Amino acid sequence: MRLQRLQFAVGGLLLLCAVACTNKATEQADAALNNLIPKPVTVTRTAGYFQPDAQMQLVVAAADSVLLRNTTLLSALFPSTTFTSATERTAGSKAIVLQLLTDGLPGKEGYHLTISDSLVQLQAPTAAGVFYGLQTIRQLLPATKTTAQPVLANCTIQDFPRFAIRGSMLDVARHFFSVADVKRYIDLLAYYKLNTLHLHLSDDQGWRIEIKKWPRLTEYGGSSQVGGGAGGFYTQEQFKELVRYAAERYISIIPEIDMPGHTHAAVAAYPELNCNPKDTIKGLYTGIEVGFSTLCTTNEKVYGFINDVVGEIAAISPSPYFHMGGDESLVTPKDEYIKFVNRVQTIIQSHGKQVIGWDEIAQATLLPGTIAQHWSDTANPVKAVAQGADVLMSPAKRVYMDMQYDSTTKLGLHWAAYIEVDEAYNWDPAQIVKGVPAEKILGVVAPLWTETIVTMKDIEYMVFPRLTGYAEIAWSKQEGRNWEEYKNRLAQHAAFYNAWGVQYYASPKVPWK
Ligand code: NGO
C-alpha cells in the first residue's frame, strides 16, 4: 500500500514535470517564432507543435552532397540519438525534409519553411537557401542544446533577402587576428544569414597576406601592428582555408588591398615603390594617423607590383570581387590618383575580377561593373551612380562598428559619431544618400576598423549587438521595421550571445531579460 502510494506520488511528479516541461518548451517555441532576426518576409502561425520523437527522420536526396553537408548542421541541433537519415520519408514517421526546388520560390537565396505536427519541410532553390532556412530553424530551437527534445511551433515561413550583399568588413591590418579568430567571426556572421566577409588585408601598419613574388611584404611589412605588437599574416594556404571555411557557411570573402594610400607597410618593405617626400617615417608605422602614404603612381614598376599582388590573390580567391581600397589618398596628387584608379581597374579586370573601391574612386572613370563602397562623402556615391555603377552601403555614421556606443565606451573611436544600438538599427540604406535609390544598392557592409581593437573579446564587444541589427537591415524589408518592436526581439538574442560566450555590449536601450 505504502509502495503503491509512493509509486503514485512519483508518477504524479513525473506527469507534472511532463506537463510543466512541455509548457515551458511550447512557450519557448512560440516566443522563438516571434523573435527571429533577421525578420522573415512572412511568418504565419498555424495550430499545434512539431515534437520530435525517437524515430524522427532526416530526409535529403543522397545524390546532393552540398545538401548532405547542410544536414550535419541540423543533426547537431537535436539530441544525437534522434535522427535516422533517409532519402525518402517512411510513411507516417516524423521527419525533417530538405529539398532543392526551383518552382515558385522567390530569389536564389530564399527558402520556404513549413512546420506541422509531423513534418518540417524546408525547400529552397539553392543549397544557400537551405542553409538560411536552417539558420531559421536554429533560432527556433533553444540557444543552448538540452537533453530534452525541443519543440517547434507550427508555421509557414516565406523568406528571401532584400539585398544581395550582406556583410561585415574586418580590419586585420591595424591589429592582426588569427585564423581561429576569423573562423569564429565567420560562425557569428552565419547565424544572422550574412553572406560576405570583406577582409581589409593591408594598411600602413601591416601587410597581412603572403605574396610569393614579394616576400618582404609579409616578412617585414607584416611584422608589426598598431602599438608595436608582433603583427602577423596569413599564408596563402591559410587564406584558402579561411575561404573554404567561409564557403561552407555560404559566406564569400572579398579581399582588399588598399592603394594607392594606406600603403606604408608595403613601401617600408620595398622602398622602390615610394616617391613620396611626405612619408618620412623610417621603418614600420605603429600609430593610427591616416592619409600620409602613397605608392609612387608615376613609377611603372608599381603597376608590375600591383599586377603580381592582384594576380596571386585572384588565383586563390573565388570571390568575383577584388577590393582596391582607394580611400584617403591624401598625398597622391588628384590627377595622378584618377589615372591610377583608371589603370588599376583594368589590371584587376584582367585577372577576371570585378572592382570594388571606397567611394573616392567615383572621382575616376568607373569601368562597367565597378562598385563604389560609400563610407563618408555623399557626393561620391552620387557620382558613382551617375556613371552607372552600383553602390555598397557602409556609411560611417551608421555602420562603423569601431564607433563608440556613447562617451563612456572605452574601446573605439568617435570621429564619425557615437552609435548606440538604436541609432545603428534605425535607418534605411535607400534613404541615406539622396540620389542613390534601392535599385542601385548592391548591399550593406558593416566595417570593424581595429585601431583600438586588440582581442577577439574586443571585436565581440564592438560588433554585438549592432551587427545583429545590420543583418536585419540587409535582409528584411524596410516596411514595418522599427526600433520599438525590434528591441524586444533583440533582447531575446542574449541567449545566443551567452550560449556562444560572446562578450556583447548590454546597451541600456534594450530590455534584456
Ligand atoms: C576610415 C579610414 C580607415 C580608418 C577608419 C576608422 C575608411 C574607408 N578609411 O574609413 O582607414 O580605419 O575610417 O574609423
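Position 1 is the first residue of the sequence, and the numbers go up from there. For ligands, and for the atoms within them, numbers begin at 1 and follow the listed sequence. Bear in mind that the values here come from a model prediction, so they are computed numbers and not experimental data.
Atom 4 (C) of ligand 1 has Glu451 OE2, 3.3 Å as its closest protein atom, hydrogens excluded (heavy atom only). Protein heavy atom nearest atom 14 (O) of ligand 1, with residue, atom name and distance: Asp402 OD2, 2.6 Å. Protein heavy atom closest to atom 1 (C) of ligand 1, with residue, atom name and distance, is Trp375 CZ3, 3.5 Å. The nearest heavy-atom contact from the protein to atom 11 (O) of ligand 1 is Arg174 NH2, 2.8 Å.
For Tyr504, the ring-ring contact (aromatic ring centres under 6.0 Å, His included) partners two or more places apart in sequence, or in a different chain, are Tyr497, Trp512. Remark: His262 engages no residue in a ring-ring contact (aromatic ring centres under 6.0 Å, His included) (not counting sequence neighbours).
Residue His262 approaches ligand 1 through these ligand atoms, each under 4.0 Å from one of its heavy atoms: 11 (O). Counting atoms of ligand 1 from 1 in the listed order, those under 4.0 Å from a heavy atom of Glu328 are 2 (C), 3 (C), 9 (N), 11 (O). Heavy-atom proximity to Met403, at under 4.0 Å, picks out these atoms of ligand 1: 14 (O).
The N/O atoms of Tyr400, backbone and side chain alike, include one that comes under 3.5 Å of an N/O atom in ligand 1. Residue Asp203 places no N or O, backbone or side chain, under 3.5 Å from any N or O of ligand 1. Backbone and side-chain nitrogen or oxygen atoms of Asp327 are examined, and one is located within less than 3.5 angstrom of a nitrogen or oxygen of ligand 1.
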message = Using the rule given for salt bridge (Lys or Arg N to Asp or Glu O under 4.0 Å), can you reason through Arg343 versus Glu336, listing the C-alpha separation, both sets of side-chain angles and the distance that settles it, and then say yes or no?
response = CA-CA 11 Å; Arg343 186 153 170 200; Glu336 281 183 27; over 6 Å; no

ask   = Are Trp214 and Asp308 close enough, and set up right, to give a side-chain hydrogen bond (donor to acceptor under 3.5 Å, both in side chains), and what steps lead you there?
value = CA-CA 8 Å; Trp214 299 78; Asp308 290 343; 2.8 Å; yes

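No more than 12 heavy atoms of other residues, nucleotides or ligands sit less than 6.0 Å from atom NZ of Lys108.
The existence of a salt bridge linking Lys397 and Glu423 is excluded, since no basic side-chain nitrogen approaches an acidic carboxylate oxygen closer than 4.0 Å. Checked for salt-bridge contact, Arg184 and Asp181 miss the test: no charged N lies under 4.0 Å from a carboxylate O.
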